[in-house]
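Counting starts at 1 for both ligands and their atoms, following the listed order. Values reported hereafter were calculated over all heavy atoms of this structure, with side chains retained and with hydrogens, waters and symmetry mates removed. Remember, it's a predicted structure, so these values are computed and weren't measured experimentally.
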Amino acid sequence: MNTNPEITGTTKLCGVMGDPVGHSVSPAMHNAAFRALGLDYAYLPFRVRREDLPAALQGMRALNIRGLNVTIPHKVALLPLLDEIDTLALQIGAVNVLLNDCGRLSGYNTDAQGFLRMLTGNGVDPQGKNVVVLGAGGAARAISFALASRGASLTILNRTAAPAQACAADISRAFSLSIKVLDLNRESLAHALQQASLLVNATSVGMSPQADATPVDLELLGPNITVVDIVYNPYKSRLLKEAEQASARTINGLEMLVWQGALAFEIWTGGQPPLNVMRQAATAALKSYEK
Ligand code: NAP
């Protein structure tokens, strides 16, 4: 056990790769976890533009980076560039964790499980519920898959039709379900929300630095719906603030972040993640960004 928090000649490197990554709280969360357990690991943010993804993966191999979290906009695009993809990630069609085993890159998905842990931790059971999911990117795919696996009826709304249709087709095939797909606009939202008891924002709308944006007008929200925003930066997004004003129940995405990170930590280190340390570090990092 390395109780010395200094970087050494044997330190293993992990990180988060995406664009943007400047407001990520993952470095604070994972470095706190490594320190708490005395592990000889360090974690850094890597801003990787869309067009540089293949080079970044080659760099991960060449530099022997042990593990990466993957975020916007790479979770779907990197699938064909990996050596191995675990079954769940392949079914979901999105990867948010990479493991480098002697130059062989494997992809995993911990967003789906992280989302379910957050829901169950808040006492929400998706079984039989009408759920509206906003978005069809990497996170939305994982969330829609997780919800379908727990027996929810889904309506997916996205700004662009093609990824939403592809997401719905993949999930329909996996679970023999019918999934509605609508354009993300006011009229479709009003229609879909009439029958829904759970709304999940899995778009990046409202994420800092565009924190004054919201994907749903306040007038469309009411007391009979639970609103989950997986955007965790700012801690309380405009969507969640307005949902509170409309007397809806609200759930913030920080707990999903902590769980998906904890599951990634297990994949990289093989050890038990210190959940409370990770939660506290992520919360403190977020508060410091908001000052
Ligand atoms: P992604 O793959 O790039 O997908 C982005 C999604 O947002 C797409 O559906 C995109 O629609 C939509 N979108 C982007 N800008 C939009 C706009 N101006 N208007 C309407 N829709 C817009 O990203 P991701 O990895 O899924 O992440 C999405 C968000 O979830 C990010 O804010 C990320 O930080 C958050 N997240 C949180 C957690 C957590 O643990 N809490 C985990 C994962 C992700 P188009 O298809 O039309 O482009």
Side-chain angles (χ1 to χ4, degrees), residues 16-26 29-30 45 48-50 53 68-79 89 92-97 108-119 121-122 132-146 156-168 181-186 188-189 200-217 228-240 251-265 278-279 282-283 285-286 289:
V16 55
M17 159 175 96
D19 186 17
V21 284
H23 279 75
S24 173
V25 298
S26 291
M29 181 169 79
H30 283 285
V48 173
R49 292 189 178 87
R50 205 180 278 274
L53 180 63
L68 289 177
N69 284 123
V70 182
T71 185
I72 306 172
H74 305 306
K75 285 181 184 179
V76 178
L78 58 55
L79 261 77
I92 291 171
V95 159
N96 73 302
V97 178
Y108 298 84
N109 191 297
T110 65
D111 277 341
Q113 199 52 32
F115 177 78
L116 284 176
R117 301 268 184 132
M118 172 184 74
L119 272 195
N122 280 282
V132 170
V133 176
L134 310 182
R141 271 187 165 266
I143 286 167
S144 300
F145 189 94
I156 299 175
L157 288 84
N158 198 46
R159 177 179 61 174
T160 316
Q165 275 153 3
C167 174
V181 176
L182 299 170
D183 288 342
L184 181 50
N185 60 42
R186 198 180 193 283
S188 305
L189 268 170
V200 182
N201 176 35
T203 72
S204 44
V205 178
M207 185 172 84
S208 186
Q210 263 86 49
D212 55 353
T214 177
V216 185
D217 285 352
V228 179
D229 198 344
I230 70 159
V231 169
Y232 56 82
N233 187 0
Y235 183 78
K236 205 179 271 184
S237 63
R238 179 171 160 199
L239 172 63
L240 290 191
I251 300 175
N252 147 289
L254 187 66
E255 200 59 12
M256 172 176 167
L257 177 85
V258 172
W259 275 108
Q260 66 72 32
L263 296 165
F265 180 99
M278 295 177 84
R279 189 174 286 124
T283 309
L286 259 187
Y289 283 136

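Put simply, the side chain of Arg159 does not reach to within 4.5 Å of the side chain of Val205, judged on heavy atoms. For the pair Asn201/Val216, no side-chain contact is recorded, criterion being any heavy-atom separation below 4.5 Å from C-beta on. At a threshold of 4.5 Å between non-hydrogen side-chain atoms, the residues His30 and Phe265 count as touching. In this structure, the side chains of Ser237 and Thr214 stay at 4.5 Å or more apart for every pair of heavy atoms. For the pair Ile92 and Asp111, the minimum side-chain heavy-atom distance is 4.5 Å or more. The shortest distance between side-chain heavy atoms of Pro163 and Asn158 falls below 4.5 Å. Residues Tyr108 and Leu263 form no side-chain contact, since every pair of their non-hydrogen atoms from C-beta on lies 4.5 Å or further apart. Within the 4.5 Å cutoff, no side-chain heavy atoms of Phe145 are placed close to those of Asn109.
Between Thr71 and ligand 1, a contact under 3.5 Å exists for no N or O pair. Considering both main-chain and side-chain atoms, Tyr232 never comes within under 3.5 Å of ligand 1 through any nitrogen or oxygen pair. Note: no N/O pair closer than 3.5 Å links Gln260 and ligand 1 by distance alone. Remark: ligand 1 and Gly135 share no N or O pair separated by less than 3.5 Å (distance only, no angle test). Annotation: Leu254 places no N or O atom under 3.5 Å from an N or O atom of ligand 1; distance criterion only.
At a heavy-atom cutoff of 4.0 Å, ligand 1 is contacted by no atom of Val76, backbone or side chain. With a 4.0 Å cut-off on non-hydrogen atoms, Met256 touches ligand 1 through its backbone as well as its side chain. Proximity of Asn158 to ligand 1, defined as any heavy-atom pair under 4.0 Å, is confined to the side chain (atoms from C-beta onward). Contacts between Ala202 and ligand 1 below 4.0 angstrom, taking non-hydrogen atoms only, involve the backbone exclusively. Heavy atoms from both the backbone and the side chain of Ala139 come within less than 4.0 Å of ligand 1. When heavy-atom distances to ligand 1 are checked against a 4.0 Å cut-off, Val205 comes that close only through its side chain, counted from C-beta outward.
Side chain to side chain, Ser26 and Asn69 fail the donor-acceptor criterion of an N or O pair below 3.5 Å.
The residue among Ile230, Asn252, Val258, Val133 with a heavy atom at the shortest distance from atom 30 (O) of ligand 1 is Ile230. Between the choices Ile72, Asp19, Asn69, the shortest heavy-atom distance to atom 33 (C) of ligand 1 belongs to Ile72. Nearest residue to atom 17 (C) of ligand 1 from Gln210, Arg50, Arg159, Met118 is Arg159 (criterion: closest heavy atom).
The ligand atoms of ligand 1 that sit less than 4.0 angstrom from a heavy atom of Val231 are 32 (O). Ligand 1 places these atoms under 4.0 Å from at least one heavy atom of Pro163: 46 (O). For ligand 1, the atoms closer than 4.0 angstrom to any heavy atom of Asp111 are 42 (C), 43 (C). Below 4.0 Å from some heavy atom of Met207 lie the following atoms of ligand 1, by number and element: 31 (C), 32 (O), 34 (O). For ligand 1, the atoms sitting less than 4.0 Å from at least one non-hydrogen atom of Lys75 are 25 (O), 43 (C), 44 (C), numbered in the order shown with element in parentheses.
In this structure, atom 29 (C) of ligand 1 lies nearest to the protein heavy atom Thr203 O, 3.6 Å. When only non-hydrogen protein atoms are considered, atom 4 (O) of ligand 1 lies nearest to Gly137 CA, 3.4 Å. Shortest contact from atom 2 (O) of ligand 1 to any protein heavy atom: Gly138 N, 2.9 Å. Looking only at protein heavy atoms, the nearest one to atom 5 (C) of ligand 1 is Ser204 OG, 4.2 Å. The protein heavy-atom contact nearest to atom 45 (P) of ligand 1 is Thr160 OG1, 3.4 Å.
Atom CG of Asn233 sits about 10.0 Å away from atom CG of Leu257, to the nearest 0.5 Å. Distance OG1/Thr203 to CG/Asp229: 7.5 Å, rounded to 0.5 Å. From Leu53, atom CG reaches atom CE of Met17 across 5.0 Å, with rounding to the nearest 0.5 Å.
The two residues Ala94 and Gly138 make their nearest non-hydrogen contact at CB-O, 3.7 Å. For His74 against Gly18, the heavy-atom pair with the smallest separation is CD2-CA, 3.7 Å.
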